[in-house]
*Asks:* 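Let me begin by handing over the structure; questions about it come next.
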Number of protein chains: 2
Amino acid sequence: MSVPNYEQIGNQLKVLAHPVRLRILDALRRDAECVCHLETLLEKPQPYVSQQLRLLREAGFIQDEKEGQNVYYRLMNDEVQSWLGAILDDPQDLTAGPLGHTQLVNCACPKCARTVTALDVT
Amino acid sequence: MSVPNYEQIGNQLKVLAHPVRLRILDALRRDAECVCHLETLLEKPQPYVSQQLRLLREAGFIQDEKEGQNVYYRLMNDEVQSWLGAILDDPQDLTAGPLGHTQLVNCACPKCARTVTALDVT
DNA sequence: ATAATATATGCAGAGTTTTGAATATACGAT
DNA sequence: ATCGTATATTCAAAACTCTGCATATATTAT
């Protein structure tokens, strides 16, 4: 029976404790997304987004998968899903309302192209 | 249906994301403790401990209760208990072993006095 | 009143995180 | 080979966090 490793857990939480990174993770709860999507969603410059993705990846929250010239990021596993559920869905005693994921399409990646075409055939 | 308040949640997590503060919270999971206890447990100077307690208090994780010249801190509510359970008891994919709370008595507060006397009658 | 004890607050230097900007890589298309 | 697109890395200045130290307050005991 060992004692929790407060350093480690603290470091993980530190990565989580950031509005933009939380928002990225929240977006990835629904589905994997490529960098360009997140760029559009967050309205932040691409290097900035890549940087946050790197931190999340290095902390083990997400994984990347190259697909053609795009890189898709998804949550690492179901444990991360539950953590995010716990953290984002029941906002402690504090402010913030319940659920309500962010939507967003409209970048030029293959995935969007597919979706748009599907809905938009002349 | 509103979207989570990432700023708020991020700020809460930021307070959690600190080894000493996690350790304090872990200690308070079992029972309320006075400052002097935590001082002994953490082996940190009293002003330092009080400062961390303040952050935890202001973030809504703990509450204080004056009792004579001591101040006892306890977790704010059962939601905090569950958060801590989730965070400290199943250490993500990361390192750290399972459970195993920290023990510690031996300061001169009334509570300790009681305990020690109870076990230690001549 | 005065002293002693328990806890809180304020402040500052060292260290770390954040974010923007420039640049690099990798890959597919021409 | 060259170009264009998607993503990654590097660096540095500003902002913020951490922690130690000095000091303040509040309560009880003498």
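Here is how names work: the chains are called A, B, and so on, in the same order as the sequence lines, proteins then strands, and each is numbered from 1.
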*Asks:* Using whole Å, what does the distance between atom C1' of nucleotide dT17(D) and atom CG of Leu13(A) come to?
*Replies:*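 Rounded to whole Å, this separation is 16 Å.
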
*Asks:* Between Phe61(A) and Leu25(A), what is the shortest heavy-atom contact and its length?
*Replies:*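 Closest heavy-atom pair between Phe61(A) and Leu25(A): CB-CD2, 4.2 Å.
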
*Asks:* Can you check the Asp64(A) CG to dT7(D) P distance for me, whole Å?
*Replies:*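 In whole Å, dT7(D) P and Asp64(A) CG are 11 Å from each other.
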
*Asks:* Are the side chains of Asp89(A) and Arg29(A) in contact, using a 4.5 Å heavy-atom criterion?
*Replies:*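 SC-SC contact between Arg29(A) and Asp89(A) confirmed.
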
*Asks:* Among Arg57(A), Arg21(A), Arg23(A), exactly one meets side-chain hydrogen bond (donor to acceptor under 3.5 Å, both in side chains) together with Gln52(A). Which residue is that?
*Replies:*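 The side-chain hydrogen bond (donor to acceptor under 3.5 Å, both in side chains) with Gln52(A) is passed solely by Arg21(A) among Arg57(A), Arg21(A), Arg23(A).
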
*Asks:* Nearest whole angstrom, please: distance from the P of dT9(C) to the CD of Glu58(B).
*Replies:*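 Computing the Glu58(B):CD to dT9(C):P distance gives 8 Å.
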
*Asks:* Which of these nucleotides, dA8(C), dT7(D), dC27(C), is closest to any side-chain atom of Gln69(A)?
*Replies:*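 Nearest to the side chain of Gln69(A) among the choices is dC27(C).
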
*Asks:* Using the rule that two of Ile, Leu, Val, Met, Phe, Trp, Tyr join whenever any of their side-chain heavy atoms come within less than 4.5 Å, decide whether Val80(A) and Trp83(B) are in one cluster.
*Replies:*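 Linked, Val80(A) and Trp83(B) end up in one cluster.
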
*Asks:* Determine the contact category for Tyr72(A): base if any of its heavy atoms lies under 4.0 Å from a base atom, sugar-phosphate if only primed atoms, P, OP1 or OP2 are that close, otherwise nothing.
*Replies:*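 Answer is nothing: Tyr72(A) stays at 4.0 Å or more from every strand.
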
*Asks:* Nearest-nucleotide wise, let me know which of Lys66(A) and Arg21(A) is further upstream toward the 5' end of DNA chain C.
*Replies:*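 Checking each residue's closest nucleotide, the 5'-ward one belongs to Arg21(A).
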
*Asks:* So do Glu39(A) and Tyr48(A) actually touch side chain to side chain, heavy atoms under 4.5 Å?
*Replies:*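 Side chain of Tyr48(A) against side chain of Glu39(A), heavy atoms only: no contact under 4.5 Å found.
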
*Asks:* Same hydrophobic cluster for Leu38(A) and Ile62(A), using side-chain heavy-atom links shorter than 4.5 Å among ILVMFWY?
*Replies:*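 Yes; Ile62(A) is reachable from Leu38(A) via cluster members.
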
*Asks:* Please list, pair by pair, any protein nitrogen or oxygen found under 3.5 Å from a nitrogen or oxygen in nucleotides 19-23 of chain D.
*Replies:*
unit_1  : atom_1 : unit_2   : atom_2 : d
dT19(D) : OP2    : His18(B) : NE2    : 2.9
dT19(D) : OP2    : Tyr48(B) : OH     : 2.7
dG20(D) : O6     : Gln51(B) : OE1    : 3.3
dG20(D) : O6     : Gln51(B) : NE2    : 3.4

*Asks:* Is the shortest side-chain N/O distance from Arg54(A) to OP1 or OP2 of dT9(D) below 4.0 Å?
*Replies:*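 Answer is yes, contact under 4.0 Å.
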
*Asks:* From the set dT7(C), dT9(C), dT27(D), return the single nucleotide nearest to any side-chain atom of Arg57(B).
*Replies:*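 Nearest nucleotide to the side chain: dT9(C).
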
*Asks:* Leu16(A) CG to dT17(C) P: how many Å, rounded?
*Replies:*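 Checked: the CG to P distance equals 15 Å.
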
*Asks:* Roughly how many Å is it from CD1 in Ile62(B) to P in dT7(C), rounded to a whole number?
*Replies:*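 Going from Ile62(B) (CD1) to dT7(C) (P), I get 13 Å.
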
*Asks:* Pick the closest DNA chain D nucleotide for Leu53(A) and for Lys14(A) by heavy atoms, then say which residue is nearer the 5' end.
*Replies:*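 First, find each residue's nearest nucleotide; the 5'-ward one identifies Leu53(A).
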
*Asks:* Would you mind classifying the nucleic acid contact of Gly68(A) as base, sugar-phosphate or nothing, using non-hydrogen atoms under 4.0 angstrom?
*Replies:*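 The residue Gly68(A) makes no contact with any strand.
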
*Asks:* When all nucleic acid strands are considered with a 4.0 Å heavy-atom cut-off, which category describes Cys109(B): base, sugar-phosphate, or nothing?
*Replies:*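 Answer is nothing: Cys109(B) stays at 4.0 Å or more from every strand.
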
*Asks:* Measure from CD on Glu7(B) to P on dC16(D) and round the result to the nearest Å.
*Replies:*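 In whole Å, dC16(D) P and Glu7(B) CD are 11 Å from each other.
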
*Asks:* I need the CG-P distance between Asn11(A) and dG15(C), as an integer number of Å.
*Replies:*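 Checked: the CG to P distance equals 18 Å.
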
*Asks:* May I have the distance from Arg23(A) (atom CZ) to dT18(C) (atom P), rounded to whole angstrom?
*Replies:*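 Rounding to the nearest Å, CZ of Arg23(A) and P of dT18(C) are 17 Å apart.
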
*Asks:* Only one of Leu41(B), Leu55(B), Leu56(B) passes side chain to side chain contact (heavy atoms under 4.5 Å, CB included) with Ile24(B); say which it is.
*Replies:*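 Checked Leu41(B), Leu55(B), Leu56(B) against Ile24(B); only one passes side chain to side chain contact (heavy atoms under 4.5 Å, CB included): Leu56(B).
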
